[in-house]
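Notes follow once the structure below has been shown.
Only a predicted model underlies this, so the values are computations on that prediction, with no experimental measurement involved. As a basis for the values below, the full set of heavy atoms in this structure was taken, side chains included, without hydrogen atoms, waters or symmetry mates.
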Amino acid sequence: MFRKYKKKLIKSKVRCNSFRKKILELSQKVSALHLGGTFSCVEIMDCIFNILMKKDEKDYFIMSKGHGSILQYVILNFQGIVSNKSLSNYSKSDGHLGVHPEIKNKGINASTGSLGHGLAMSAGFALSNRKKLVYTVLSDGELQEGSTWEAAMVISNLKLNNIVMVVDNNDFQSLEKSSKSHPALYPIDEKFKAFGWDTKICDGHNVNKILVSILKRKKNKPFCLIAKTIKGYPISFMKNKPIWHYKSPSKLEHKKAMKELDKI
């Protein structure tokens, strides 16, 4: 079952490392890049875009946690969809790529950024073509939005079993741990089960476990994978530090982070 994914899995670690380095390079041109939450979902995104998604069948992808858009653009650049010039002009007033995903750009299926809307958009895509898979990545913070749970209920009621949702569960919002400020959010998996979803929990920095979890999902229900991640991973001074939701590294911090990545 997994043999055809073997070659792509072997190269995943190298790809993820290169994506983080590229984002660090771009961070030297942008004052705020949402590095913490972007770094936490690199393995998730690599698994979806470079291992799972079938380019010939054009599966859909919705980046519900729109503040992670730079990672999506970097991956699309790796795939030859976003040009080097466009990426280098990221977030500039005269550039094409915005701070959040914008549908006007190649490879972007929906404009997102206002948290809590991505899952409902995914429902629309899934309903429009039940033969195509719709992948979507949510932040755990946006599970506090009522619109997310309305969409979860609608998806189950309509039996939209072609939706694969991954929650980047780094347990951090902009200022503090989600489990501290909103303890009733947990357990996440039991809530989605109650809404009629098939759910699993895995290490969100292990591409192999992410892949196996998605491939072994029940095909008669929408699927929710709660990927346990670390905000700012794997940079030592960024991990679980709220400030990295906002700031870009100084030249010294950039150099230190690059050195850490070189050792991986």
Side-chain angles (χ1 to χ4, degrees), residues 1-5 7-9 12 15 41 43-66 68-69 71-82 100-139 142 147-168 192 195-200 202 204 207 210-227:
M1 181 180 182
F2 307 111
R3 189 175 298 173
K4 66 177 180 178
Y5 301 106
K7 286 184 178 179
K8 293 180 178 179
L9 273 172
S12 177
R15 285 195 304 270
C41 64
E43 284 77 16
I44 295 168
M45 294 284 284
D46 181 62
C47 185
I48 292 172
F49 271 87
N50 296 316
I51 300 176
L52 282 167
M53 285 184 73
K54 300 175 182 177
K55 307 300 186 300
D56 54 336
E57 296 180 15
K58 296 183 178 178
D59 292 335
Y60 296 118
F61 175 81
I62 309 295
M63 188 67 168
S64 188
K65 54 172 289 181
S69 66
L71 173 58
Q72 186 174 2
Y73 288 131
V74 164
I75 291 176
L76 291 174
N77 173 254
F78 168 78
Q79 295 181 339
I81 297 171
V82 167
H100 296 103
E102 296 182 15
I103 196 170
K104 66 181 181 181
N105 295 308
K106 277 189 175 182
I108 304 297
N109 294 132
S111 298
T112 61
S114 181
L115 296 179
H117 293 183
L119 191 57
M121 291 181 182
S122 301
F125 278 95
L127 186 60
S128 70
N129 192 332
R130 290 176 179 269
K131 292 182 180 180
K132 290 186 179 182
L133 282 176
V134 181
Y135 295 95
T136 184
V137 172
L138 275 70
S139 64
E142 65 183 306
S147 53
T148 296
W149 296 104
E150 290 176 15
M153 181 173 62
V154 166
I155 288 168
S156 183
N157 286 337
L158 295 177
K159 295 181 171 58
L160 298 178
N161 307 330
N162 52 329
I163 286 183
V164 174
M165 174 180 67
V166 183
V167 177
D168 179 13
F192 276 97
F195 274 80
W197 290 58
D198 176 32
T199 65
K200 287 188 177 71
C202 81
V207 179
I210 296 169
L211 177 64
V212 170
S213 296
I214 293 175
L215 291 178
K216 288 189 173 182
R217 71 188 186 280
K218 295 177 182 178
K219 302 297 175 63
N220 62 340
K221 292 182 177 183
F223 178 66
C224 170
L225 176 63
I226 295 116

Exercise for the section: Scan Q79, K8, M45 and name whichever one has a side-chain contact (heavy atoms from CB on, under 4.5 Å) with N50. Expected result: Q79

Exercise for the section: Of all the heavy-atom pairs spanning G66 and T112, show the shortest one and how long it is. Expected result: CA-OG1, 3.6 Å

Fill in the blank from the handout: E43 meets the side chain to side chain donor-acceptor pair (under 3.5 Å) criterion, sequence neighbours left out, with R20, H205

Fill in the blank from the handout: CD of Q72 to CZ of F49, rounded to nearest 0.5 Å, is 4.5 Å

Practice task
Give, for atom CZ of R130 and atom CG of L158, the distance between the pair rounded to the nearest 0.5 Å.
Solution key: 6.5 Å

Problem - Distance, nearest 0.5 Å, that separates CG of L133 from OG of S122 - result: 12.0 Å

Handout entry: Least distance between heavy atoms, P101 atom then I108 atom
Key = CB-CG2, 3.9 Å

Handout entry: Side-chain heavy atoms of C47 within contact of L211, under 4.5 Å
Key = yes

Handout entry: Trace of the side chain to side chain contact (heavy atoms under 4.5 Å, CB included) decision for K65 with C41
Key = CA-CA 10 Å; K65 54 172 289 181; C41 64; 4.0 Å; yes

Problem - Chi angles and distances behind the side chain to side chain contact (heavy atoms under 4.5 Å, CB included) call for K106, L76 - result: CA-CA 9 Å; K106 277 189 175 182; L76 291 174; over 6 Å; no

Handout entry: Heavy-atom side-chain proximity of N105 to I81 below 4.5 angstrom
Key = no

Problem - Distance, nearest 0.5 Å, that separates CG of D168 from OG of S64 - result: 11.5 Å

What donor-acceptor contacts under 3.5 angstrom involve side-chain atoms of residues 148-157, with partners at least two apart or in another chain?
from: T148; atom 1: OG1; to: E142; atom 2: O; distance (Å): 3.0
from: W149; atom 1: NE1; to: L143; atom 2: O; distance (Å): 2.6
from: S156; atom 1: OG; to: F195; atom 2: O; distance (Å): 2.7
from: N157; atom 1: ND2; to: M153; atom 2: O; distance (Å): 3.3

Exercise for the section: Could you tell me which residues satisfy salt bridge (charged side-chain N to carboxylate O under 4.0 Å, His left out) with K200, sequence neighbours excluded, listed by chain and number? Expected result: D198

Handout entry: H117: partners by side chain to side chain contact (heavy atoms under 4.5 Å, CB included), with sequence neighbours left out
Key = S114, M121, S147

Completion exercise
For N109 and F125, the nearest pair of non-hydrogen atoms, with its separation, is O-CZ, 3.3 Å

Problem - From CD1 (I210) to SG (C202), nearest 0.5 Å - result: 5.0 Å

Problem - For the student: nearest non-hydrogen atoms of I214 and R217, plus distance - result: O-NH1, 2.8 Å

Handout entry: All side chain to side chain contact (heavy atoms under 4.5 Å, CB included) counterparts of N161, not counting sequence neighbours
Key = K159, P222

Exercise for the section: Of all the heavy-atom pairs spanning V137 and F61, show the shortest one and how long it is. Expected result: CG2-CE1, 3.7 Å

Practice task
For R15, enumerate each residue passing the salt bridge (charged side-chain N to carboxylate O under 4.0 Å, His left out) test, keeping only those at least two apart in sequence or located in another chain.
Solution key: D46

Exercise for the section: Please name the pair of heavy atoms, one in V167 and one in C224, separated by the smallest distance, quoted to 0.1 Å. Expected result: CG2-SG, 4.1 Å

Exercise for the section: Could you tell me the separation between the OH atom of Y135 and the CZ atom of F223, rounded to the nearest 0.5 Å? Expected result: 10.5 Å

Practice task
Show your reasoning for whether side chain to side chain contact (heavy atoms under 4.5 Å, CB included) applies to I51 and L9.
Solution key: CA-CA 7 Å; I51 300 176; L9 273 172; 3.8 Å; yes

Exercise for the section: Look at the side chain of N162 and the backbone N and O of K131, then say whether any donor-acceptor pair between them is shorter than 3.5 Å. Expected result: no

